[in-house]
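The next block holds one structure in the form of C-alpha cells; read it before the comments.
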Amino acid sequence: MADSTLTPQFDDGDIAWMLASTALVWFMVPGVGYFYSGMARSKNALSLIMLCFLSVPVVSIQWFIWGYSLAFSRTGGSFIGNLRNAFFMNVGGDPTLKVESVPEIVHAIYQCMFAAITPALAIGAAAERARMGPLLVFIFIWTTLVYDVIACWIWSANGWFKLIGGIDFAGGTPVHIASGAAALAYCLMLGKRHGHGRDEFKPHNIVNIILGTTLMWFGWFGFNGGSAFGANVRAAMAIMVTNLAASFGGLTWMLMDYRLEKKISALGFCSGAIAGLVCVTPASGYITPPISVIFGICGGVLCNLSVKLKHLMDFDDALDVFAVHGIGGICGNILLGIFADKEIAALGGEKILGGVINGHYVQLAYQLASSVAGLSYSFVVTGIILYVLNKIPLLRLRMNPEEEELGTDESELGESAYYYLDRVVNSFQLQIQSKTLMTSPAQITQINDSANHLHNT
C-alpha cells in the first residue's frame, strides 16, 4: 500500500469551489461583450461581443504556451517568470504555492480566466474604429508583455510587490489598473471616432447593458470569492463584501445622475455597480462588510466624476474603460492600504500586518506604489506595442473612414447583429425611391434622414 503521507492531501470541496469559480469568471467575458455591445451603436454591436469572446481562445493559447509560466513559475524572478511551466510542463497534481488543498492544474485554469478577461476589458476604449485582426494580435502580445509581467509582480511568490508586503486579493492592479491604462493608450493611439463631437454616440441597447451587468455581477462572486482558493469563511466574506459594494456603487452612481437629469437611469445603475465591483476587487479578502460600503460609495462617486476626464482632456474613450477600471482600481488600492484588516486575512490562513486601521501605515505607500507602477508600465508598454503594430502594413490598427461609417460588423465581420432591422431599413429606402415622383423634395429628405438614423443607431 502506498504511503499516504507522500500523497498531497487535496480537499474535494476546495477543488469543486475553484472549478465552479473558474466557470463563473468565464461567464464574465460574454458579460463584458454584451455590456459593451449595448453601449455602442448598433452597427458595431456584434463585433464587440465577438472581440470579447475571442479573447478567451487567444489568451488560452497564450496561457498554455508560456503565459502561466511567465506569471506564476515557482523559479521565476521578481519582475517576470521563466519558461519552467511552458506548455503546462510540470503543472499537474502538486499543491499550489498559495494553498496545499488545491492542485496546481486547478490554479492554472482559474488564473487563465483572469488573463482572458483583462484584455477584453481594455478593448472597449477602441470600440467602433479598431480593426479586429490587429486587435487579436495585440491581445496575444499584450497579455505576454503586460499582463503576465504585472501578475508576476503582484501574485507570484517571487514578485517584487509580494516580497515587500504588498497585497492585492483579486486583481486591482493586474486586471483593472492594467486594462484601464491600456484602454487609455489604445484610444489615444487610434484617435477619435469619425464624427466625434458632431454625431450623437448614444447606447443603442440598454437591455444588453443590463444583461451584461447581470452576467458580470454573477461572475464576480467567482472572481473575488474564488480568490480565497477554498470553500471557506474568507470566500463567503469576499462574496458578501462584493455584493454590498456593487449595490452601493450602483445606487450612488444612479443618484448622482438623478441630481442632473431627474431620471432613474438604468445605464447609471449598471455603470455604478461595475464601478463598485472594480473598487472592491483588490480588497475583497481583507475588509469587513461595513467597510465595503465605503468602497462602493467611493467607487461610484469617483468613477462617475472621472467620466468627465475624456471631455476635459479631449480623448475618445468610447466606453469609459479608463474612468471605471483605471480610476476604480486605483481607488480600491488606496482604500485597501487604509482598511486592510489582518483578522479578515486570517480567516483564510494569510498573515498580513494590515493597513492603516491596524497601525501599519506603510501599507498605504505599498498600495500607491502598486498603482503607479501598474498604471505607468501598462500605459507605456501598450503604447509601444501599438506603435510597432501600426507600422506593419497588414496590422494597421484603424479602419478607414468608409469602413468606420459602414460599421465594424459589416466591414470586419460581414455580418450584422440586427439583420432583420437592416432589411427593414433597406426595404424602406427602396420604397422611398419608388415613390420619388409622388413626393416633394422636402419630404424625401426627411424620410431619408429617418432611414439613415435607423441604420446608424
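Along the sequence shown, the residues carry numbers beginning at 1.
Across all non-hydrogen atoms, the minimal contact from Thr118 to Pro174 is CG2-O, 3.7 Å. Taking every heavy atom of both residues into account, Phe169 and Ala238 meet most closely at CE2-CB, 4.1 Å. Taking all atoms of both residues into account, the shortest heavy-atom contact from Ala373 to Trp160 is CB-CZ2, 4.0 Å.
Residues Gln62 and Asp148 are in side-chain contact: their nearest non-hydrogen atoms beyond the backbone lie under 4.5 Å apart. In this structure, Leu24 and Trp220 have side chains that are not in contact, with every pair of non-hydrogen atoms separated by 4.5 Å or more.
Distance OG1/Thr288 to CD1/Ile344: 6.0 Å, rounded to 0.5 Å. Taking CG of Asp94 as the reference point, atom NE2 of His107 lies at 13.5 Å (rounded to 0.5 Å).
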Working for side chain to side chain contact (heavy atoms under 4.5 Å, CB included), residues Leu48 and Met39: CA-CA 10 Å; Leu48 282 167; Met39 289 189 69; over 6 Å; no
Candidate pair Cys187 and Arg129, rule side chain to side chain contact (heavy atoms under 4.5 Å, CB included), full reasoning: CA-CA 10 Å; Cys187 72; Arg129 70 246 200 231; 3.6 Å; yes
Full working for side chain to side chain contact (heavy atoms under 4.5 Å, CB included) between Arg234 and Tyr286: CA-CA 9 Å; Arg234 195 182 191 188; Tyr286 298 107; 3.1 Å; yes
Test side chain to side chain contact (heavy atoms under 4.5 Å, CB included) applied to His360 and Tyr366, step by step: CA-CA 11 Å; His360 188 230; Tyr366 294 160; 4.3 Å; yes
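Within 6.0 Å of CZ in Phe248 there are 12 or fewer heavy atoms belonging to other residues, nucleotides or ligands. The environment of CE in Met240 is sparse: at most 12 heavy-atom neighbours from other residues, nucleotides or ligands sit within 6.0 Å. Atom CE of Met313 has 12 or fewer neighbouring heavy atoms from other residues, nucleotides or ligands inside a 6.0 Å radius.
Salt bridge status for Arg131 with Glu403: absent, with no side-chain N to carboxylate O gap under 4.0 Å. Between Arg193 and Asp316 there is a salt bridge, since a side-chain N of the basic residue sits under 4.0 Å from a carboxylate O of the acidic one. Ion pairing between a basic and an acidic side chain is recognised when a charged N comes within 4.0 Å of a carboxylate O; Arg41 and Glu128 show such pairing.
Between Phe88 and Phe64, the ring-plane angle classifies as perpendicular under the 30° and 60° cut-offs. Ring-plane geometry between Tyr377 and Phe79 is classed as perpendicular, the angle between the planes exceeding 60 degrees on a 0 to 90 degree scale with a lower cut at 30. Relative ring orientation between His176 and Phe223 is described as tilted, the plane-to-plane angle lying within the 30° to 60° band. Below 30°, between 30° and 60°, or above 60°: for Trp63 and Tyr147 the angle between ring planes is between 30° and 60°, a tilted geometry.
Checking Phe35, Phe27, Tyr34 one by one against Met216, the side chain to side chain contact (heavy atoms under 4.5 Å, CB included) holds for a single residue, Phe35.
Checked against side chain to side chain donor-acceptor pair (under 3.5 Å), Ser371 has the following partners two or more places apart in sequence or in another chain: Asn333.
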